[in-house]
Engineer: 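Mind having a look at this structure? Questions to follow.
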Amino acid sequence: MQYMDYGQTGLRVSRFGFGCMRFPKIRVMGKEQIDQDETTRMVRYALDHGVNYFDTAHVYEGSEVALGTALEGIDRESVVIVGKNPVWDANNREDLERFLDEELARLKTDYLDVQFLHALNGERWKKCQEMGALEYLDDMKKKGRIRHAGFSFHGKLEDFKRIVDSYDWDIVQIQLNFLDVKHQAGLEGMYYAAEKGLPVVVMEPLRGGALAEKLPSAVSALYKAFPVQRSGAEWSFRWLIDLPEVTSVLSGVSTMEQLKENIEIFSKAEPGCMTKDEKELIDSVVDEYKKMNRVGCTRCGYCMPCPSGVNIPEVFQSYNDSVHEEYLEHTRFNYREVVVGQDKSGGDQCVECGLCEPKCPQSIPIIRMLKEAHQALINQ
């Protein structure tokens, strides 16, 4: 496992960061929940193979409890636990402290190594300033309840730079992959934070799995024609590992197979690992994706649950899949018979309440795109 200095914190963290938003699930009495036994097995496997960075959040349903249970009996100083405070649900400093209390209780720990103000953008940053979030961070650090403070970001580049310059942050977390180099903070934001001495942690390296699963035939053809054979996931991770400004890359693994593959990839790559020919290959892959992606949804689920029952990520996944000829028939069947049919969770169920759109990290016009997706999938 490769390790990097975590800025000025004195910590050394694994370049592979275990993202805890997509722990494995099972159904119990008809209800989906985290599979604690498999989660514990995966967390322990990760620890045994050098992973020491675990990223969770207050809003990841069941994640903090599952992680806390999986880490029981482990030397607390041997792991870096990152939590996130849902500032959009807070109205004052007391709310922020209550959310931290809940995080610590769920994780069965007395402190967080890092707490992020979660998913900041320009509007949420203004709210944080008004409700004393920075004073809250200072106080919690003094009390030892959090050791380091940072923020995760989903917004405009100019807001990212303004936030970076407004406080003595320890860490920043941004969305980055080879399709998102100019989206949100992007590469320019990464360089800006790194020049300030801040460690940069990357989320959505596979765009919610889209860069690793169901690869378009044109993209698969490019990968297969290259002299070195690698999976879509490995190409995506290596593109990020190549960047020395990236401290750790979060991967939200859901299976032991994914975890083992990810650890193997990160164990044999380091900054500067991409050759000129490999970078040109990725440029060609990006060109192919630009021709076909309809909705920039990463399936993060922040828009859910929908009060009208619309499965927004599933609708958008179907819409994106419908571009690819090899998945078209399956996509039609799935959408018409399952999403629209028995589940009643298709885009036609949207009542335009608007609750989802402010929550979307990608700023997708969800209401309009649900209509577009539904019409395209029904009429194809």
Side-chain angles (χ1 to χ4, degrees), residues 1-22 46 50-60 63 67 79-85 87 103 112-121 137 146-155 157 160-161 163-164 167-178 180-181 183-208 236-253 262-263 265-266 269-271 298 300 302 361:
M1 180 57 61
Q2 302 288 327
Y3 295 88
M4 297 284 280
D5 288 329
Y6 203 49
Q8 304 302 311
T9 66
L11 297 171
R12 292 274 290 174
V13 298
S14 51
R15 289 212 91 195
F16 173 85
F18 200 133
C20 301
M21 186 171 75
R22 295 182 171 98
V51 179
N52 70 350
Y53 192 84
F54 296 86
D55 175 280
T56 185
H58 188 277
V59 296
Y60 298 168
S63 170
L67 179 60
V79 294
V80 175
I81 300 177
V82 179
K84 303 188 193 77
N85 206 311
V87 297
E103 280 200 294
L112 292 176
D113 294 280
V114 184
Q115 188 179 56
F116 289 134
L117 300 182
H118 196 176
L120 292 191
N121 54 28
L137 291 174
I146 62 175
R147 292 190 170 178
H148 307 287
F151 69 95
S152 63
F153 185 77
H154 288 292
L157 175 62
F160 177 77
K161 291 181 177 180
I163 296 169
V164 165
Y167 182 72
D168 187 18
W169 304 102
D170 297 302
I171 309 100
V172 297
Q173 181 172 303
I174 63 172
Q175 176 174 321
L176 189 63
N177 53 68
F178 59 62
D180 289 329
V181 295
H183 183 56
Q184 298 185 15
L187 280 177
E188 186 175 340
M190 178 198 73
Y191 290 128
Y192 189 82
E195 287 170 1
K196 301 279 185 177
L198 292 172
V200 178
V201 176
V202 166
M203 56 184 157
E204 298 292 356
L206 304 179
R207 258 203 175 187
S236 300
F237 284 133
R238 285 177 69 88
W239 183 85
L240 286 164
I241 295 169
D242 184 65
L243 300 169
E245 295 83 4
V246 172
T247 301
S248 190
V249 180
L250 300 178
S251 180
V253 290
N262 287 187
I263 289 175
I265 292 168
F266 278 81
E270 57 188 25
T298 66
C300 68
Y302 286 10

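Just so it is clear, the structure is predicted and the values come from calculations on it, not from any experiment.
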Engineer: Can you name the nearest heavy-atom pair linking Gly50 to Ser14, along with the distance?
Structural biologist: O-CB, 3.7 Å
Engineer: Do Lys196 and Val164 have side chains that approach each other closer than 4.5 Å (heavy atoms only, starting at C-beta)?
Structural biologist: yes
Engineer: Do the non-hydrogen side-chain atoms of Phe16 and Ser251 ever get within less than 4.5 Å of each other?
Structural biologist: yes
Engineer: Looking at Ser63 and Cys20, what are the two nearest heavy atoms and their distance?
Structural biologist: OG-O, 2.7 Å
Engineer: State, to 0.1 Å, how close Lys84 and Ala57 come at their nearest heavy-atom pair, and which atoms those are.
Structural biologist: CB-CB, 3.8 Å
Engineer: May I have the step-by-step check of side-chain contact (heavy atoms from CB on, under 4.5 Å) for Ile146 and Val114, ending in yes or no?
Structural biologist: CA-CA 6 Å; Ile146 62 175; Val114 184; over 6 Å; no
Engineer: Taking the side chain as every heavy atom from C-beta outward, state whether Leu137 and Tyr167 have any atom pair closer than 4.5 Å.
Structural biologist: yes
Engineer: Could you check whether any side-chain heavy atom of Gln184 comes within less than 4.5 Å of a side-chain heavy atom of Leu176, counting everything from C-beta outward?
Structural biologist: no
Engineer: Could you check if a side-chain atom of Asp180 sits within less than 4.5 angstrom of a side-chain atom of Arg207, using non-hydrogen atoms only?
Structural biologist: yes
Engineer: Would you please test Tyr53 and Leu250 for side-chain contact (heavy atoms from CB on, under 4.5 Å) and show each step?
Structural biologist: CA-CA 9 Å; Tyr53 192 84; Leu250 300 178; 3.6 Å; yes
Engineer: I'd like to check Phe116 versus Asn85 (side-chain heavy atoms, cut-off strictly below 4.5 Å). Are they in contact?
Structural biologist: no
Engineer: Applying the side-chain contact (heavy atoms from CB on, under 4.5 Å) criterion to Ile174, which one of Glu204, His154, Met190 satisfies it?
Structural biologist: Met190
Engineer: Does any non-hydrogen side-chain atom of Gln173 lie less than 4.5 Å from one of Phe151?
Structural biologist: no
Engineer: Any idea which heavy atoms bring Thr247 and Asp5 closest together, and the distance?
Structural biologist: CG2-O, 3.7 Å
Engineer: Does the side-chain contact (heavy atoms from CB on, under 4.5 Å) test come out yes or no for Leu198 and Ile171, once each step is laid out?
Structural biologist: CA-CA 6 Å; Leu198 292 172; Ile171 309 100; over 6 Å; no
Engineer: Tyr60 vs Tyr302 aromatic rings, parallel, tilted or perpendicular, using cut-offs 30° and 60°?
Structural biologist: tilted
Engineer: Tell me yes or no: between the side chains of His58 and Glu103, is some donor less than 3.5 Å from an acceptor?
Structural biologist: no
Engineer: Could you check whether Lys161 pairs with Glu188 (Lys NZ or Arg NE/NH1/NH2 to Asp/Glu carboxylate O, under 4.0 Å)?
Structural biologist: yes
Engineer: Hey, are Arg147 and Asp170 close enough for a salt bridge, meaning a charged N less than 4.0 Å from a carboxylate O?
Structural biologist: no
Engineer: Evaluate the ring-ring contact (aromatic ring centres under 6.0 Å, His included) criterion for residues Phe237 and Phe266: first the C-alpha distance (whole Å), next the side-chain angles of each, then the deciding distance (0.1 Å), finally the verdict.
Structural biologist: CA-CA 8 Å; Phe237 284 133; Phe266 278 81; 5.1 Å; yes
Engineer: Could you go step by step and tell me if Val172 and Phe153 meet the side-chain contact (heavy atoms from CB on, under 4.5 Å) rule?
Structural biologist: CA-CA 8 Å; Val172 297; Phe153 185 77; over 6 Å; no
Engineer: Might you point out which heavy atoms bring Val82 and Tyr6 nearest each other, and give the distance in Å?
Structural biologist: CG2-OH, 4.4 Å
